[in-house]
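Input: a single structure, listed below in structure tokens.
Both ligands and their constituent atoms are indexed starting at 1 by order of listing.
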Amino acid sequence: MAERSFAKEVEKLRLGDGDTFRGEGILAITKALLENGVGYVGGYQGAPISHLMDVFADAEELLSELGVRFEASASEATAAAMLAASVHYPIRGAVTFKSTVGTNVASDALANLASGGVTGGALIIVGEDYGEGSSIMQERSHPFAQKSQIWLLDPRPNLPSIVDAVGHGFALSEASNTPVMLEVRIRACHVHGHFDTKDNVPPPFTVRDALENPKRKTDRIVLPPASYLHEKEKVEQRLPAAIHYIQKHKLNEHFGPDQGDIGIIMQGGMYNNVMRALQRMGLADLYGDSKVPLYVMNVTYPLVPDEVVDFCADKKAVMMVEEGQPACLEEAVAALLFKHKINTDLAGKGVLPLAGELTGQVMLDGLRSFITSHAPHLATDQDRAPNEPQLLPQPELDDTVPARPPGFCTGCPERPIFAATKLVEEELGPHHISSDIGCHLFSIMPPFEIGGTTMGYGLGPASSSALNAKGARRSISFVGDGGFWHNGLTSSIGNASFNEHDGVTVIVDNYYSAATGGQDILSSRANNKSRNTNNPIGKAVKGMGVKWVREIDNTYDVGKMRETLKEALTTDETGPKVIVASSECMLNRQRRERPLKAKAIAEGQTITQPKFGIDEDICTGDHACMRLSGCPSLTVKKLDDPLRDDPVAHIDQSCVGCGNCGEVADAAILCPSFYKAERIHNPGTAHKIWRKLSTSFMSWLQARRDRKSLRFEA
Ligand SMILES: O=C(O)C(=O)Cc1c[nH]c2ccccc12
């Protein structure tokens, strides 16, 4: 089981009629699914929707009471394919993943699903990881929805709106036989608020009912001639049905006065920031009362042409507030205005940046520019006639605030793998190195600076596939255990085996899908009650036909890591060389062990905690140890010694005693200044006697040295 329990959150899923849910947006979605009779849920974890997956994984009891099937899918492709259960059966299903990366992976199944269409409501909850704080390439989910004709909901970021979007999402999907995407951005997932809950509704038709009454309809399967009919059906039946539903149920909203010279159209997800900007310009109050007409698209695909045209027709200018590029909505609105011969000015990209998140200041600047140029009578005096720019410009944050790129945690078992790689490169020269997605990607950062590309989850070794030439220096590829099970086994290892690729692959196995929140995977060492774990990666690799496989069960052994890697790079054996390097993720290990240790200490048990330190008298201050470590607990310390200018290395209190610094120093034959100490909680009698003896022996030694040393007396 993942090392953090979500039992408290699971309790919130049991709230019913008359109760109030308080908490985060993403958890509100989880509850809304249960209130709307969902029959099955799946997904692949990733920021910002991991919470939905983690909470459902811990809600086994409640889900089985309700008759809801839950899966932690092997990948987003698996999750999207799971929605096949809603093709023939009237079952509501929901899957979730991070977008756009997850949507990329899922797109095969999504396109097939959207072609045949659905009977039961099919909801795809995409966590739009865009803008500040995102960990992925900056793209939009919008074109995915358009290209497969999947409706796209983008509700206002508050809990009641998000919860309504879940209910309407299912109903819209059923009314138009089309899957529906529910887009939630990072901030929407984490927004806090409350909503009035309803009783959970067990699915009226369960997956069990489907299994007992199997159905098939050839015309729903993507094969000619049905596939041609699907496309016609999409435009002739499903699209009009969707537009009808959206209009009838008023999914898009109007705020502010009925009429005005100007108006603002926005994606629902932009509403909070638009309101904040309007408040700052004196054009709205704290309760959302706007002086400017607003048209809020809680559904961003399809557009409802009548609504857009009606909103624009009587205005001199409208502004389209749309985040990211391409400007799908602005172009669609422009086309509608042109077709309907409406002579309204359209602003959007230009006053707003084409790329990047529309954060508070960006939104304010954009709206201010639109309002002062198109409706100066609404602008404040200061906006119409701004003061001279400030004489003292704001300092550039890039220059004044030190960058804090993410890196490996204190005690991370992956650090020594990259230290060993650097040591091998010192000996054998530089190699082409491919990286992958996961914590191990931090190896691209200083002090390691290892890896030239990252092409996708589980695709590290695949991205070395071109780089194979007889007799040439071998490529090295990294892939994590998360990526390995997500896609790596087939797309990377199977591919290398089939093509007899000569490169070296290091599978970084830390027992969890650590980068996405420490979830269990097939090779996790945990005994998970409801999941099949403890399936060794080495066995799977051998099963794919790889003959040269080495397994290292202690990555902190830098010497062994280095020797194994060197052997892989130099052996005469042909075909892929795979090293499975395994040690438990330190974050998860500490999460598990710390509470147990604290309890044992409180109960008076003797507990020994290792810590590492640096002997200041020996350290020369060359910091070579740091260049091979990058451990956050390893820092510098200025000595109070006038004869020593250079700061020495120092290990702070966050050290977890993994021993990597000492190991690295040893493997690199760096220096003997590292020492290991043990902190003993609740020492026993033997410890106390030993301490007395050793302290008096050391005092005697020190006194003897003092007696011998030269003394200057005043
Ligand atoms: O959790 C994150 O930030 C990730 O990027 C992990 C991830 C989850 N699913 C993926 C699919 C493709 C690439 C990365 C991921």
Quick check: [X] and ligand 1, any N/O pair under 3.5 Å apart?
X    : value
Y457 : no
S135 : yes
K98  : yes

Which ligand 1 atoms, with their elements, are less than 4.0 angstrom from a heavy-atom of [X]?
X    : result
Q45  : 8 (C)
I136 : 5 (O)
A47  : 1 (O)
V101 : 10 (C), 11 (C), 12 (C), 13 (C), 14 (C), 15 (C)

Nearest protein heavy atom to [atom], by residue and atom, and its distance?
atom                    : value
atom 11 (C) of ligand 1 : E76 OE2, 3.6 Å
atom 14 (C) of ligand 1 : I437 CG2, 3.6 Å
atom 6 (C) of ligand 1  : T516 CG2, 3.8 Å

Under the side chain to side chain donor-acceptor pair (under 3.5 Å) test, residues paired with T78 that sit two or more places apart: S75

Taking the inter-plane angle between the rings of F408 and F448 on a 0 to 90° scale, is it parallel (under 30°), tilted (30 to 60°) or perpendicular (over 60°)?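 Perpendicular.
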
What orientation do Y301 and W151 show, parallel under 30°, tilted 30 to 60°, or perpendicular over 60°?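 Plane angle between 30° and 60°, so tilted.
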
Taking atom types as modelled, find out whether S50 and D54 have a side-chain donor-acceptor pair closer than 3.5 angstrom.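 S50 vs D54: no donor-acceptor pair found between side chains.
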
If you measure from CG on D509 to CD1 on I579, what distance do you get to the nearest 0.5 Å? 13.5 Å

Within a strict 4.5 Å, meaning less than it, do heavy atoms of the M53 and T96 side chains meet?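 Side chain of M53 against side chain of T96, heavy atoms only: contact under 4.5 Å found.
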
Hey, does F478 have a side-chain heavy atom less than 4.5 Å from the side chain of T421? yes

Look at ligand 1 and say whether G456 reaches it with a heavy atom at a distance under 4.0 Å.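 Flag not set, G456 not near ligand 1.
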
Where does D129 meet ligand 1, judged by heavy-atom distances below 4.0 Å: at the side chain, the backbone, both, or neither? neither

Verify the neighbour count for atom CG of D108: are there more than 12 heavy atoms of other residues, nucleotides or ligands below 6.0 Å?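 Check fails, neighbour count at 12 or below.
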
